[in-house]
Amino acid sequence: MDETHDYTDIERGRLEKLQHLRAEGIEPFPPRVERSHTNAEAIKAFEKSEKKKSKKPLRATLVGRVRSIRTMGKIIFAHIEDGHGSLQLFLRANDLGEEKLELFRNYYDIGDFVQASGEMFRTRAGEVSLRVEEFRMIAKAITPLPAAKDEEVAGEVVRHATLADPELRYRQRYADLAVNPQVREIFRVRAAITRALREFMDSQDFIEVETPVLQPVYGGAAARPFTTHHNQLKQDLYLRISFELYLKRLLVGGFERVYEIGRDFRNEGVDRKHNPEFTMLEFYMAYADYQRVMEFTEEMLLFTGKQVLGGTKFTYQGNKIDLGVDWPRIELSEAVLEFTGIHLKDYPDAASLAAAMMAKKYNVPAGASRGKLIDDMLGAQVEPRLIQPTFLYNYPREVSPLAKSLPSNPQIVERFEGYMGGFEICNAFTELNDPLDQLSRFEEMSRNLKAGDEELHPMDEDYLRAMRYGMPPNGGFGMGIDRLTMLFTDQANIREVILFPHLRKREE
RNA sequence: GGGCGCGUAGCUCAACGGCAGAGCAGUGGCCUUUUAAGCCAUUGGUUGGAGGUUCGAAUCCUCCCGCGCUCACCA
């Protein structure tokens, strides 16, 4: 990335302008600015004073990035944009003097940040504008913004020929955000989602906690971890793949309701639903079981939807989705039957189930356990069809080493997953709190881990010790915030809801 | 990892075996209520990279790099 030494013609021209300003004694990057209103406030205040038929003109000092310039001889129109909207500047030789007008005309460019003051007024065309009496550069832009031009249509800014190449948009997210207002909006929604979730959790008497990202033993999910190393301690560490085992230790410690919103890291495939690091909400609720957590999940998402979307309905990739109705609760085996025609109870072992799946031409990974096969079938055949909010419940034990079995069937665990828009958004279960049962689950996993299934996690002795002190019965829950954001912002790719998504390293 | 597709000016895109172009941006000029302002003129390219085929390659072939979609893998 040697661009700084390889300027384009446009950049060289702007550097010359910058040098000229400096030569004239004008600092193009001053440390302080003045501002009386945001653009949106100024427009609102002006419209209010207009209604009151106030004789006193409204004065304003505004700041923003120049988004368009229209020069017409001795007057110049320009739009500036701040974080709250855009507003038109009107610069006229009569008000400024020809010299100042020429200064703007010759040395100010689209992309520059400027400060301008004067009186608010309405142009002949009816647009609320600032009649500029004074202006100054507050940050000169060297590189042209990757967008052509703005158009104002009925008060809405239409941006033409704007940055569209997804690779450039992700690699230079700053440029993407600078020119694509709809991208900024996605991240406002994302922030509103986490805010609403925190508000809800806090209102339900949960305490927000932070647990280690760097962990000596990883666990809580089926995934391969990233590995790192502490130099002084000469100790290998893992980036967490879930928060689960630490959060449940806190229940042992006496907290009844804990949650954490933070980053998980999984060293696995990257695609439109998976980024190597992603944001999870996990919570653990003492004295609740998975049925209670299902109810809670509905309440939580209903609240979040109302807060963020202002209602319960939204459209995802052409499908209308309503959070306001009770989520159907379907037993996993029923869902599999409905979408594949396979009766799980007719295939009690991996070999017979694999044969049944092969008969249907489903992909069957070699050496997979029965639980893994069911999980695969779920992902490929069932999940994409679950558009409306739906819970599937009662999962196979082999793929749920931290969940409590059904009293009536040790091979099935009290676990559910929530689906929406064709993908999984949350996963929850009645947490296993029997240290002896947990030990045997770990041992089972360790055997499989040695046998080569790298996604299983190793024994966590300390977690078992914690559990031996006594862990209250509890329901636990995890939800991908990125995926919820995809749903609420109608984005098909997880990269659109992550500010700086991971991309392959590029030699520059 | 497999398949398909894409990569051309700062941005958005044409040209698809025969002189590498347009709009916007930029630069110079005209223009005192414009709003993708308009008008005149004009700068800007190792066509992602390296090889090959050909009289001639942005275009066809091979490899490499990157991205997208998809399958596989994967919560």
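Convention: sequence-line order gives letters A, B, ...; per-chain numbering from 1. All values derive from a computational prediction rather than experimental measurement.
Rounded to the nearest Å, the gap between the C1' atom of B:rC16 and that of B:rC6 is 14 Å. Comparing the C1' positions of B:rG52 and B:rA15 gives a spacing of 24 Å, expressed to the nearest Å. Between B:rG38 and B:rG23, the distance separating the two P atoms is 12 Å to the nearest Å. As rounded to the nearest Å, B:rC60 and B:rG66 have C1' atoms that lie 22 Å from one another. Nucleotides B:rU62 and B:rA57 are separated by 15 Å at their C1' atoms, to the nearest Å. Atom name P, nucleotides B:rU70 and B:rC61: the rounded distance is 25 Å, in whole Å. Separating the C1' atom of B:rC4 from that of B:rA37 is a span of 44 Å, rounded to the nearest Å. Across the C1' atoms, B:rU59 and B:rG17 are found 7 Å apart, a figure rounded to whole Å.
At a threshold of 4.0 angstrom between heavy atoms, the contacts of A:Arg14 with the nucleic acid are absent. Residue contacts for A:Leu503: at a heavy-atom cut-off of 4.0 Å it reaches the sugar-phosphate backbone alone, with no base atom in range. Using a 4.0 Å heavy-atom distance criterion, A:Asn493 is classed as a sugar-phosphate-only contact. If you check every strand for non-hydrogen atoms under 4.0 Å, A:Arg131 touches a base.
Taking the centre and axis of the six-membered ring of A:Phe90, the NZ or CZ atom of A:Arg131 falls outside the cone set by 45° and 6.0 Å.
Rounded to a whole Å, the CZ atom of A:Arg124 is 5 Å from the P atom of B:rU33. At whole-Å resolution of the value, CD in A:Glu496 and C1' in B:rC67 are 13 Å apart. As a whole-Å value, the separation of A:His79 NE2 from B:rC24 C1' is 17 Å. When rounded to the nearest whole Å, the span between CD1 of A:Ile110 and P of B:rA25 equals 7 Å. When the P atom of B:rG28 is taken as reference, atom CD1 of A:Ile10 falls 13 Å away, rounded to whole Å. In this structure, CZ of A:Arg67 is placed 12 Å from P of B:rA25, rounded to the nearest angstrom. One interatomic measurement links the two molecules: CD1 of A:Ile69 to C1' of B:rU27, which rounds to 14 Å at whole-angstrom precision. Regarding A:Glu11, its CD atom lies at a distance of 13 Å from the C1' atom of B:rA25, rounded to whole Å.
Using cut-offs of 30° and 60° on the angle between ring planes, the pair A:Tyr316 and A:Phe423 is perpendicular.
Not one side-chain nitrogen or oxygen of A:Lys361 sits closer than 4.0 Å to the OP1 or OP2 atom of B:rC71. Look at A:Arg224 and you won't find any side-chain N or O under 4.0 angstrom from OP1 or OP2 of B:rC74. Distances shown here put every side-chain N or O of A:Arg122 at or beyond 4.0 Å from the OP1 or OP2 atom of B:rU33.
The residue among A:Gln88 and A:Glu383 whose nearest nucleotide of RNA chain B lies closer to the 5′ end is A:Gln88. Comparing A:Ala492 and A:His274, the nucleotide of RNA chain B nearest to each residue sits closer to the 5' end for A:Ala492.
A:Glu81 and A:Ser86 share no donor-acceptor pair across their side chains, judged by distance under 3.5 Å alone. Using modelled atom types, one finds a donor on one side chain and an acceptor on the other under 3.5 Å when comparing A:Gln317 with A:Asp490. With 3.5 Å as the limit, one finds a donor-acceptor pair spanning the side chains of A:Asn427 and A:Arg415. With no hydrogens or angles considered, no side-chain donor-acceptor pair links A:Arg483 and A:Thr485 at under 3.5 Å. Using a 3.5 Å distance cut-off with no hydrogens or angles, the side chains of A:Thr143 and A:Glu11 do pair a donor with an acceptor. Remark: the A:Glu496 side chain and the A:Tyr170 side chain contain an N/O donor-acceptor pair separated by less than 3.5 Å. Checking A:Glu282 against A:Tyr284 by side-chain atom types alone, a donor-acceptor pair falls below 3.5 Å.
B:rU62 and B:rA50 make up a base pair, with Watson-Crick or G-U wobble contacts both under 3.5 Å. Across all strands shown, B:rC55 forms a Watson-Crick or G-U wobble pair with B:rG18, both key distances being under 3.5 Å. Under the Watson-Crick and G-U wobble criteria, each requiring two contacts below 3.5 Å, nucleotide B:rC11 is paired to B:rG23. Base pairing of B:rG45: no nucleotide in any strand meets the Watson-Crick or G-U wobble criterion (both distances under 3.5 Å). Remark: B:rU33 base-pairs with no nucleotide; criterion is Watson-Crick or G-U wobble with both hydrogen-bond distances under 3.5 Å. Nucleotide B:rA72 is matched to nothing when pairs are restricted to Watson-Crick or G-U wobble geometry with both distances under 3.5 angstrom.
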Using a cut-off of under 3.5 Å, enumerate the N/O to N/O pairs linking the protein to nucleotides 29-32 of chain B.
| from | atom 1 | to | atom 2 | distance (Å) |
| --- | --- | --- | --- | --- |
| B:rC31 | N3 | A:Gly73 | N | 3.0 |
| B:rC31 | N4 | A:Gly73 | N | 3.4 |
| B:rC31 | N4 | A:Arg105 | NH1 | 3.1 |
| B:rC31 | N4 | A:Arg105 | NH2 | 3.4 |
| B:rU32 | OP2 | A:Lys74 | N | 3.4 |
| B:rU32 | N3 | A:Asn94 | OD1 | 2.6 |
| B:rU32 | O4 | A:Asn94 | OD1 | 2.5 |

Identify each atom pair where a protein N or O and an N or O of nucleotides 11-13 of chain B are less than 3.5 Å apart, giving names and distance.
| from | atom 1 | to | atom 2 | distance (Å) |
| --- | --- | --- | --- | --- |
| B:rC11 | O2' | A:Ala161 | O | 2.4 |
| B:rU12 | OP1 | A:Ala164 | N | 3.0 |
| B:rU12 | OP1 | A:Asp165 | N | 3.3 |

For nucleotides 44-47 of chain B, print each protein N/O atom paired with a nucleotide N/O atom at under 3.5 Å, atom names and distance only.
none

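A:Phe296 and A:Phe283 have their aromatic ring centers within a separation under 6.0 angstrom. A:Phe104 has its ring centre less than 6.0 Å from the ring centre of A:Phe135.
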Practice task
Under the ring-ring contact (aromatic ring centres under 6.0 Å, His included) rule, what do A:Phe416 and A:Phe391 come out as? Steps first, then yes or no, please.
Solution key: CA-CA 6 Å; A:Phe416 76 83; A:Phe391 291 123; 5.0 Å; yes
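In the set B:rU33, B:rG26, B:rG10, B:rG10 carries the atom at the smallest distance from any side-chain atom of A:Pro144. In the set B:rU34, B:rC74, B:rG26, the nucleotide with an atom closest to the side chain of A:Phe77 is B:rU34. Distances from the side chain of A:Asp109 to the nucleotides B:rG66, B:rU27, B:rU35 place B:rU27 closest. Among the nucleotides B:rC74, B:rC69, B:rU35, the one closest to any side-chain atom of A:Ala125 is B:rU35.
Here the side chain of A:Arg385 pairs a donor or acceptor atom with the backbone of A:Gln381 at under 3.5 angstrom.
Within 3.5 Å, no donor on the side chain of A:Ser68 pairs with an acceptor on the base of B:rU35, nor the reverse. Under 3.5 Å, the side chain of A:Arg70 and the base of B:rU34 form at least one donor-acceptor pair of N or O atoms.
In plain terms, the two heavy atoms of A:Asp9 and A:Arg12 that are nearest each other are OD1-NH2, 2.5 Å. Closest heavy-atom contact between A:Phe243 and A:Arg263: CE2-O, 3.8 Å.
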